[in-house]
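These notes concern the structure reproduced below.
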Amino acid sequence: MAGCRGSLCCCCRWCCCCGDRETRTPEELTILGETQEEEDEILPRKDYESLDYDRCINDPYLEVLETMDNKKGRKYEAVKWMMVFAIGVCTGLVGLFVDFFARLFTQLKFGVVQASVEECSQKGCLALSLLELLGFNLTFVFFASLLVLIEPVAAGSGIPEIKCYLNGVKVPGIVRLRTLLCKVFGVLFSVAGGLFVGKEGPMIHSGAVVGAGLPQFQSISLRKIQFNFPYFRSDRDKRDFVSAGAAAGVAAAFGAPIGGTLFSLEEGSSFWNQGLTWRVLFCSMSATFTLNFFRSGIQFGSWGSFQLPGLLNFGEFKCSDSDKKCHLWTAMDLGFFIAMGVIGGLLGATFNCLNKRLAKYRMRNVHPKPKLVRVLESLLVTLVTTVVVFVASMVLGECRQVTSAAQVGNDSIPLQVTSEDVNSSIKTFFCPNETYNDMATLFFNPQESAILQLFHQDSTFSPVTLALFFVLYFSLACWTYGISVPSGLFVPSLLCGAAFGRLVANVLKSYIGLGHIYSGTFALIGAAAFLGGVVRMTISLTVILIESTNEITYGLPIMITLMVAKWTGDFFNKGIYDIHVGLRGVPLLEWETEVEMDKLRASDIMEPNLTYVYPHTRIQSLVSILRTTVHHAFPVVTENRGNEREFMKGNQLISNNIKFKKSSILTRAGEQRRRSQSMKSYPSSELRNMCDEHVTSEEPGEKEDLLQQMLERRYTPYPNLYPDQSPSEDWTMEERFRPLTFHGLILRSQLVTLLVRGVCYSESQSSASQPRLSYAEMAEDYPRYPDIHDLDLTLLNPRMIVDVTPYMNPAPFTVSPNTHVSQVFNLFRTMGLRHLPVVNAVGEIVGVITRHNLTHEFLQARLRQHYQTL
């Protein structure tokens, strides 16, 4: 992360934004998430795996292709379209459920507390009103925290995790049914509990879970409920549906189907095509109009009128008919908008800086402790927030005169803004008749209503009130984001920014005399500036805000403001979601590498220490490899044992060609020797595979004894590869890293499936006698394949042989050792790869590149080593 510069350096001692320190290379990382000092960055963890977006074109898959025709292809596409429609409808219904009950609980709470405040204002028992408010809020937040204890990944907004998933990272538990239930119920309790959180962010996570689970027609949480649905049993299809579900979540939250589609494209999905774009847009439209249909019918009794497009509606921006000088915005205002974008970027960078510091504190001091401590922290935040809201409304609010557009009621004032769709109220707490409390109007309303007040209310808010509200809301929202409750950040950022924009408008109107200014426009630009400074989204956020305002003329100022806010914020740190991704140690791949990274080639970043299998391998060897490694794919290789020296004796031309081949081809031994010399250290032992098991002269009496011997010596490197020679330090690099001809890749899940289903043959038989598995049988256990450690070894004959060639991928994407890093990066990210073999000019595998070899931190470490060797 970039260090702080300029005016923000003063906060770096506390916010961990300044300074560029040397960090250890991933090879030197011994503990996951370990840092050198308190202020260092957390390096990407190596226990995250990539999704298998690339198709495995093996024999079972080819058998399926042989049975495919145009009719079946059209049927498959039709099922896809039906599934994205179902995902959109279900996501809209989830949004309806959250909105209905969050609104119900909030109205119940405010109704009771409001009546108590009015009664106690005269009797002097406001402490009782505060206790009532505390009782409601603490109860709701307690339930939300308990749900997070059941499923920890339900905490937060879920956008960082979904961004990682769309980027191709497999985050455990992120798209499970239990996560969805905890997220949905937790967020409505969090919102009803008065925390400064929003329900729009978790809607994106909820939509993604619906997209991942609905096409599977099964769940690990409901094991007994299964349907025979043979479609979409791969990570490739699942990630496409997650993209559609995330877009549907954005569309349902903001009524912005186009913005939702762009969100899925901008925030992570690496592989994209025109067909996927259409399906994602159709899913977003389905979610938007499903939610619109039911909300309009429930709230207005007008079924089919489509009056409420999303959970958050900004209303209609329109100048008053009586004010002839008013314009929504003018060309002169663009200068103010740019300045607001700069300030919004600075405020967003400060927010991210403080929140990162808080997140690190929680990681060190809260998360390692018993889970009850997390609940207590959430209750503490709720307690402080409730007291601040109540006291600020009672002490810091100003009583403002009611305009003629509003009519006073007993407890609140219905506010008729420029659009009939806006239905909110202003509060008269602690104020005499014909006046209202401007601070209570912002604090004692749902956040969406407070945003509408700042966008559309004709009455003025005191500049002091707006400044105090911004400071209090900024501080409490920063503290709240990251506690153990489901919470979104969009609405708090919009509300905080709207108060900032309204403050700027008041200053320009009252102190500079710019009477043409429309306060709602400045509130909207302020909201966009602060939100852009926090999340650093540009394209999708611009379209989302335009669709939410339903005012295309705001396109230019919103776009300029967001761009300026992003550029300003990026000068100091990353966006809030990228920061939390980094804190989790997720190996996220950016859109492209830095220019200087092209000084590196594939040979500089690959891993030459390989664990591989042969085309025909004994069960004993496979079990030992799977139990002693954590790799998720293994190259299928054969060794090169030629007598090239005989060819070099007679013909000089042949001799020269062979010498050229040897000098120009990169070998694993040569690369390892070069690295050893540059790192001044001897390479660690390579865990060799245990193929071609040597038949010993003494056969064990029982099969169990042989298996026990195998497990006892599973940590011994190079077993039985050389029966008459044991490993020694005298071995050369060539002996340790012999040339290997590459034939394909086979996944760990495929090997375990073959072992579980007994796919093997005896040494006395032909490999043709080995049982064959169909594509459906290979994918039957998706997405949770059996684990090798759960395998009953007594059911296996260790002397049996497995022919892996029908099930390996014989033609995966490969690169040359001389390929530049930018080309490697683009291929890996664009095609959604999990493993990228590095193969030299004669077909020998010399290394493998995974996601961890392409992270920014790993490339930086390799680049430093490159400079040291020059």
Side-chain angles (χ1 to χ4, degrees), residues 83-103 157-159 162-163 166 175 179-181 183-188 190-191 197-214 241-267 279-299 304-315 421 446-448 451 486-491 494 537 540-541 543-550:
M83 290 310 307
V84 295
F85 175 74
I87 292 170
V89 172
C90 292
T91 303
L93 294 177
V94 169
L96 177 70
F97 177 85
V98 172
D99 177 72
F100 179 81
F101 283 99
R103 187 184 299 270
S157 65
I159 294 179
I162 295 303
K163 181 176 180 178
L166 296 180
V175 290
T179 304
L180 173 65
L181 296 177
K183 175 73 76 172
V184 168
F185 285 96
V187 71
L188 65 90
S190 298
V191 173
V197 300
K199 54 182 178 289
E200 285 70 22
M203 271 302 303
I204 300 172
H205 186 188
S206 301
V209 180
V210 172
L214 193 61
F241 287 125
V242 169
S243 299
V250 176
F254 298 97
I258 300 176
T261 303
L262 293 175
F263 173 85
S264 285
L265 175 61
E266 180 182 2
E267 285 301 303
R279 286 193 295 270
V280 170
L281 180 59
F282 178 65
C283 184
S284 301
M285 288 288 187
S286 303
T288 300
F289 286 99
T290 298
L291 180 64
N292 198 341
F293 176 80
F294 285 101
R295 285 194 72 203
S296 301
I298 292 174
Q299 293 191 25
S305 61
F306 299 104
Q307 300 180 48
L308 297 172
L311 299 180
L312 180 62
N313 183 23
F314 291 165
D421 297 340
Q447 294 176 100
E448 293 82 0
I451 292 175
S487 58
L489 195 59
F490 273 93
V491 169
L494 288 171
M537 294 160 52
S540 58
L541 189 56
V543 177
I544 288 172
L545 293 177
I546 292 175
E547 289 185 283
S548 298
T549 58
N550 198 26

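Side-chain atoms are counted along with the backbone in the values below, which use heavy atoms only and exclude waters and symmetry mates.
- Phe185 has its ring centre less than 6.0 Å from the ring centre of Phe97.
- For Glu448, the salt bridge (Lys or Arg N to Asp or Glu O under 4.0 Å) test picks out Lys199, with sequence neighbours left out.
- Between Phe100 and Phe294, the distance from one ring center to the other does not fall under 6.0 angstrom.
- Residue pairs meeting the salt bridge (charged side-chain N to carboxylate O under 4.0 Å, His left out) criterion with at least one member in residues 241-261, sequence neighbours excluded, do not occur.
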**Message:** As a quick check of understanding, evaluate side-chain contact (heavy atoms from CB on, under 4.5 Å) for Met203 and Thr91, giving each step before the final call.
**Reply:** CA-CA 8 Å; Met203 271 302 303; Thr91 303; 4.0 Å; yes

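- Listed here is the closest heavy atom pair of Ile162 and Ala246: CG2-CB, 4.1 Å.
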**Derivation and outcome, side-chain contact (heavy atoms from CB on, under 4.5 Å), residues Phe254 and Glu200** = CA-CA 8 Å; Phe254 298 97; Glu200 285 70 22; 3.9 Å; yes

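- Across every non-hydrogen atom of Ala252 and Leu291, the tightest pair is O-CD2, 3.0 Å.
- Nearest heavy atom pair, residue Ser540 against residue Gly259, reads CB-O, 3.8 Å.
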**Request:** Kindly indicate, with the supporting measurements, whether the criterion side-chain contact (heavy atoms from CB on, under 4.5 Å) is fulfilled by Val191 and Val197.
**Result:** CA-CA 6 Å; Val191 173; Val197 300; 4.3 Å; yes

**Item:** Steps toward side-chain contact (heavy atoms from CB on, under 4.5 Å) verdict (Ile159, Phe263)
**Value:** CA-CA 11 Å; Ile159 294 179; Phe263 173 85; 4.1 Å; yes

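- Shortest non-hydrogen contact noted between Ala247 and Val280 is CB-CG1, 3.4 Å.
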